[in-house]
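Report on the following structure.
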Amino acid sequence: MNMLLREPVTDAAIGVAVADRPEDLSAIHHHGCAAVIWRREPLPDFQSWIDALPRQQLPRARVILRPEHVHDAVEHIFATADIPDCKERTMLVDDTAAQASIFARLLGAPFLRLRFDVITDNACRKFHIDSVKARLVCTYRGTGTQYCNATGGEEPQQVFTVPTASPIVLRGTLWPAESKSGVLHRSPPIEGTGETRLLLVLDPIFDPEGQPDRKHMH
């Protein structure tokens, strides 16, 4: 994953840890930790490349597959999207596969649901907790995921934004009951700004046959 450098996260919500190394994402298992941000900064050449890709070439995908198959699957997804074959594309493939491997080990998941989402509007604008055990979100292009502490239905007093290219691992509603998440998140409202976001989303899957997704890659 040589496309990335570290970037400081100057502040974070209560219950959100900050990791300097991928192994530090294990903090998600610690008592009182609802989310972990792996602080990274993309190399300028990579960010310029991905920001310049035409919207129609950005990858869109939703598949369930074993972690060890992510690299080849993403290569196929990118080729199908006609993303130019270059060093930056290789960086993106390698980084996606590395994040998948790290996240699967972290959760002990034999399968993952992998999504690439291209967002141009106010998708998921309400703060919420996902109906999964945990989720990894990495915004490769555009404004990162926003999060806040649970407010009992009131408007949050302070909203934080994950830096672009920094993955965040969030507990979901299916995390063990004694360790419920106190952190909510949303996609930032961007409608009318002309911004295009590209997200990688990973969910742990323990029973792929019980999932509604139509496309599986074993």
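Only a predicted model underlies this, so the values are computations on that prediction, with no experimental measurement involved.
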### Message
Please evaluate residues E88 and L53 with respect to the criterion side chain to side chain contact (heavy atoms under 4.5 Å, CB included), reporting the C-alpha separation (whole Å), side-chain torsions for both, the decisive distance (0.1 Å), and the verdict.
### Response
CA-CA 11 Å; E88 289 82 9; L53 279 179; over 6 Å; no
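- Screening residues 131-142 for salt bridge (charged side-chain N to carboxylate O under 4.0 Å, His left out) gives D130-R135, R135-D203 as the qualifying pairs, with residues at least two apart or on separate chains.
- Contact check for C148 versus R186: no side-chain heavy atoms found under the 4.5 Å cut-off.
- The list of side-chain hydrogen bond (donor to acceptor under 3.5 Å, both in side chains) pairs with a residue in residues 50-59, not counting sequence neighbours, reads Q47-D51, R55-T196.
- Hydrophobic clustering, with ILVMFWY side chains joined whenever heavy atoms are under 4.5 angstrom apart, groups L92 together with I77.
- In terms of the salt bridge (charged side-chain N to carboxylate O under 4.0 Å, His left out) criterion, residue partners of D24 (sequence neighbours excluded) are, by chain and number, R21.
- Judged by distance alone, the side chain of R171 and the main-chain N or O of A34 form no donor-acceptor pair under 3.5 Å.
- In this structure, F116 and L200 have side chains that are in contact, with non-hydrogen atoms separated by less than 4.5 Å.
- Residues satisfying the side-chain hydrogen bond (donor to acceptor under 3.5 Å, both in side chains) criterion with D85, sequence neighbours excluded, are absent altogether.
- In this structure, W49 CH2 and M91 CE are separated by 9.5 Å, a value rounded to the nearest 0.5 Å.
- Partner L114 forms a side-chain contact (heavy atoms from CB on, under 4.5 Å) with one of V201, I64, T96 and no other, that one being T96.
- P59 has its side chain within reach of L198: a pair of non-hydrogen atoms, C-beta onward, lies under 4.5 Å apart.
- Residue pairs satisfying the salt bridge (charged side-chain N to carboxylate O under 4.0 Å, His left out) criterion with at least one member in residues 70-84, sequence neighbours excluded, are listed as follows: E75-R89.
- For H71, the side-chain hydrogen bond (donor to acceptor under 3.5 Å, both in side chains) partners at least two apart in sequence or on another chain are D94.
- Under the side chain to side chain contact (heavy atoms under 4.5 Å, CB included) criterion, T193 pairs with I190, E195, sequence neighbours left out.
- At a threshold of 4.5 Å between non-hydrogen side-chain atoms, the residues F160 and I37 do not count as touching.
- Here the side chain of S48 pairs a donor or acceptor atom with the backbone of P44 at under 3.5 angstrom.
- Taking the side chain as every heavy atom from C-beta outward, D95 and R40 approach each other to under 4.5 Å.
- Here CD of Q157 is found 11.5 Å from CG of N149. Values are rounded to the nearest 0.5 Å.
- Considering only residues two or more places apart in sequence or on other chains, R115 meets the side-chain hydrogen bond (donor to acceptor under 3.5 Å, both in side chains) condition with D117.
- Of the possible donor and acceptor atoms, one in the side chain of H128 sits under 3.5 Å from a partner among the backbone N and O of H185.
- Within the model, atoms CD1 of I168 and CH2 of W38 stand 14.0 Å from one another, a figure rounded to the nearest 0.5 Å.
- The list of salt bridge (charged side-chain N to carboxylate O under 4.0 Å, His left out) pairs with a residue in residues 157-167, not counting sequence neighbours, is empty.
- The salt bridge (charged side-chain N to carboxylate O under 4.0 Å, His left out) test applied to R197 returns no partner, not counting sequence neighbours.
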Distance-only donor-acceptor pairs under 3.5 Å for side chains of residues 101-110, two or more places apart:
unit_1	atom_1	unit_2	atom_2	d
S101	OG	R105	NH1	2.7

### Query
Going through the checks in order, is the side chain to side chain contact (heavy atoms under 4.5 Å, CB included) test met by R62 and R113?
CA-CA 7 Å; R62 182 185 179 98; R113 178 186 293 110; 3.5 Å; yes
